[in-house]
Amino acid sequence: MRWSRRGTAVLLVGVVLLAGGVVSAVVGYALTRSEQRYASQSMDRYTSDVSAAVTAEVNRYGATLADMSRAVAAQSDLSRDDFRDITDGLDADRLPGASGLSFVVEVARKDLTTVQNYWRVRGAIGLTLRAAGPGTSHEFVIYSRSADGVPVNPGQDVDTVPVLAEALATARYGGALAATSTYVLLKDRAQAATRHEASFSLVSRVQTRTGKFRGWLVMGVHGADFLDRTISDHSQGVVRVAVNDPSGTDTMVIASTGAGAENPDPALVRERAISVGQRVWRLTLYPTEHLLSGTDHTLRTVAIGSCLGISLVLAVLVGVLAGARNRAITQVEHATAELRRDIAHREEVEQRLRERESQLEHLAFHDHLTGLVNRSFFHERVTQALITHAELGESFAVIFIDLDGFKQVNDRLGHAGGDDLLRQVGGRLSACLRAGDTIARFGGDEFAVLTEHLADPADVRVAAARIVETVGRPYLLDAGPASVTASVGIALNHPGNDADDVLREADLAMYTAKKAGKARFVVAG
């Protein structure tokens, strides 16, 4: 009997230890899978953040280049001084990786001397145009501005760089911003081989309002500098990022972000295609050993060790506490399940309350038709801007926009067509202005814009001209085609003014624009 009881005890201890080992293995496997899921979700999030950041930066560079192109096109007789003033805002800190900006024109071989003399008179001192190939026409650099301290020599024949010549043609005949494949910038080729880094250029055509083509603006960008500054805040030191131009022959850049060796798991590698200047780049993210923190691994070790320890204790006490253990476990599981249900219910109720509060807040401060902020919220933003800009000694502007011809569209296409037009106008305003600008619908066909932290108060004229041009383009509505124009009034903040004063000045300037013939902007005196 004694041996039987001892054998039974040994058997029970063995069963408990075996069960403990199995439980430990299951827990370890479950935690490992949880870590893998966490790592996969983290990589998906980093991929979305990084690709969105790269796309946003490229769009910002393109918008800057487009603004400068319009400014160049507006000059009837572009001189070197005009070009210097227009490109004065080009700065490597403001546009990381930007190498410089060049104004390029097309010249027929037979007109080389005539064109050369024409630009020399306008400030291109020492300009010499020599065709590098047999073609009947070539593209030459006339004016240039450096952003990294390395000068660009005027007179360079762009046809010597096929990828750049291809991008010029794409921008000219495609109309939109064009990007080159990777290459070594012309001005870097004269430097030491250590400066021959993979770069690309963004190209915007220069065309007047009447459609006359005048040339191109070309911005050279060092790929590594551009991407390192763009993605460093989003990779958080736990992923490495590579960007390739699949249509090119070389890797554009590999930006190393974060210390540590790469995680060898190929399932965590992510790729994303992004559109850049009528080209497609491939973004690849590689996880590093820091993707999973040491705390996660420690949790797995503690969990497995706890399971084994409990198994040993249970093996010692199994003979006398088996029944009590089973009852205790049942009670604990029941209590845990009840607690989880209570917690889940409370979290569900709190989530519904947060969602309802968010909906009510949105309805209180946004226009239901366009999704833009409403008059009340806009007034608060202007009031706050007066305080902050007075403290900083900076300028901001309020832009009032009234649609010319909206009533005729509403009468012809009905209220549904009018609502469709208002939504499209709101979308165009959001697309053509800065991300930080506040855009509001005041009701009817009136809109307003608050543009803050102006480096130069005259910059608001560029934004206003862009609004007049963007709103004035034809619309294709569900009910049929339509067209309206915009009368725009601008008011800047002045000491002693309150929000109502600034809004009233912008409103009066807008009515002045209407009386002056519409489809234009007026700055309050």
Side-chain angles (χ1 to χ4, degrees), residues 65 68-69 72-73 78 80 83 87 98-146 148 150-193 195-207 212-223 245-252 276-279:
L65 193 58
M68 291 183 179
S69 297
V72 169
L78 181 68
R80 174 63 181 172
F83 181 83
T87 60
S99 172
L101 190 69
S102 298
F103 175 54
V104 178
V105 301
E106 183 182 48
V107 183
R109 177 183 287 272
K110 63 182 180 61
D111 298 329
L112 287 177
T113 301
T114 302
V115 174
Q116 173 182 285
N117 294 335
Y118 173 88
W119 290 111
R120 283 183 177 180
V121 171
R122 284 153 182 80
I125 300 173
L127 176 68
T128 302
L129 304 183
R130 293 192 181 92
T136 59
S137 64
H138 295 258
E139 294 79 32
F140 294 92
V141 176
I142 302 300
Y143 300 137
S144 64
R145 186 184 189 95
S146 175
D148 59 3
V150 179
V152 179
N153 295 325
Q156 290 179 327
D157 188 344
V158 175
D159 283 347
T160 60
V161 185
V163 296
L164 184 52
E166 178 185 358
L168 293 180
T170 301
R172 178 175 183 177
Y173 299 109
L177 180 76
T180 68
S181 58
T182 56
Y183 73 107
V184 177
L185 299 178
L186 276 172
K187 69 175 188 176
D188 289 346
R189 298 181 182 186
Q191 307 300 312
R195 296 186 64 92
H196 291 184
E197 64 177 291
S199 305
F200 64 96
S201 289
L202 298 175
V203 181
S204 175
R205 73 179 181 185
V206 178
Q207 181 172 297
K212 181 181 179 181
F213 175 73
R214 299 190 65 180
W216 302 266
L217 281 187
V218 179
M219 180 188 293
V221 183
H222 291 140
D245 183 355
S247 61
T249 57
D250 301 317
T251 299
M252 193 192 74
V276 176
Q278 305 184 60
R279 304 184 70 83

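Predicted, not measured: the structure shown is a model, and the values here were computed from it.
- For the pair Arg145 (side chain) and Leu101 (backbone), a donor-acceptor distance under 3.5 Å is absent.
- Across every non-hydrogen atom of Gln116 and Thr128, the tightest pair is OE1-CA, 3.3 Å.
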Evaluate Thr114 against Val107 for side-chain contact (heavy atoms from CB on, under 4.5 Å), listing each step before the verdict. CA-CA 10 Å; Thr114 302; Val107 183; over 6 Å; no

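- When all heavy atoms of Leu202 and Leu177 are compared, the pair lying nearest together is CB-CD1, 4.1 Å.
- More than 12 heavy atoms of other shown residues, nucleotides or ligands fall within 6.0 angstrom of atom CZ in Arg109.
- Summarising the geometry of Asp159 relative to Ala165, their closest heavy-atom pair is OD1-CB, 4.0 Å, with the distance given to 0.1 Å.
- Nearest approach of Leu127 to Gly155, heavy atoms of both residues: CD1-N, 3.5 Å.
- Note that CD of Gln156 is 7.5 Å distant from OG of Ser102, once rounded to the nearest 0.5 Å.
- None of Val72, Leu78, Val105 except one satisfies the side chain to side chain contact (heavy atoms under 4.5 Å, CB included) rule with Arg214; the exception is Leu78.
- In this structure, the side chains of Phe200 and Arg279 stay at 4.5 Å or more apart for every pair of heavy atoms.
- Note that CZ of Phe213 and CD of Glu106 are 6.5 Å apart. Values are rounded to the nearest 0.5 Å.
- Using the six-membered ring where Trp is involved, His138 and Phe140 have ring planes that are tilted, between 30° and 60° apart.
- With sequence neighbours excluded, the residues satisfying salt bridge (Lys or Arg N to Asp or Glu O under 4.0 Å) with Arg122 are Asp77.
- Nearest heavy atoms, Ala124 versus Tyr143: CB-CE2, 3.8 Å.
- Below 30°, between 30° and 60°, or above 60°: for Phe103 and Trp119 the angle between ring planes is above 60°, a perpendicular geometry.
- The distance from atom CZ of Arg120 to atom CD1 of Ile125, rounded to the nearest 0.5 Å, is 10.5 Å.
- One distance of note links CD1 of Ile142 with CZ of Arg80; it measures 11.0 Å at 0.5 Å rounding.
- Here the options are Leu185, Val141, Leu168, the test is side chain to side chain contact (heavy atoms under 4.5 Å, CB included), and the partner is Val218; only Leu168 passes.
- Scored by the salt bridge (Lys or Arg N to Asp or Glu O under 4.0 Å) test, Glu166 finds no partners at all (sequence neighbours excluded).
- Every residue meeting the side-chain hydrogen bond (donor to acceptor under 3.5 Å, both in side chains) condition with Ser204, not counting sequence neighbours, appears here in chain and number order: Ser69.
- Under the 3.5 Å distance criterion, the side-chain polar atoms of Thr180 are matched with a main-chain donor or acceptor of Ser201.
- By the 4.5 Å heavy-atom criterion applied to side chains, Asp157 and Arg130 are not counted as neighbours.
- The CD atom of Gln278 lies 6.0 Å from the OG1 atom of Thr170; values are rounded to the nearest 0.5 Å.
- Smallest separation of non-hydrogen atoms from Arg205 and Gly175: CZ-CA, 3.6 Å.
- Here Leu129 contributes atom CG and Tyr118 contributes atom OH; the two are 13.0 Å apart, rounded to the nearest 0.5 Å.
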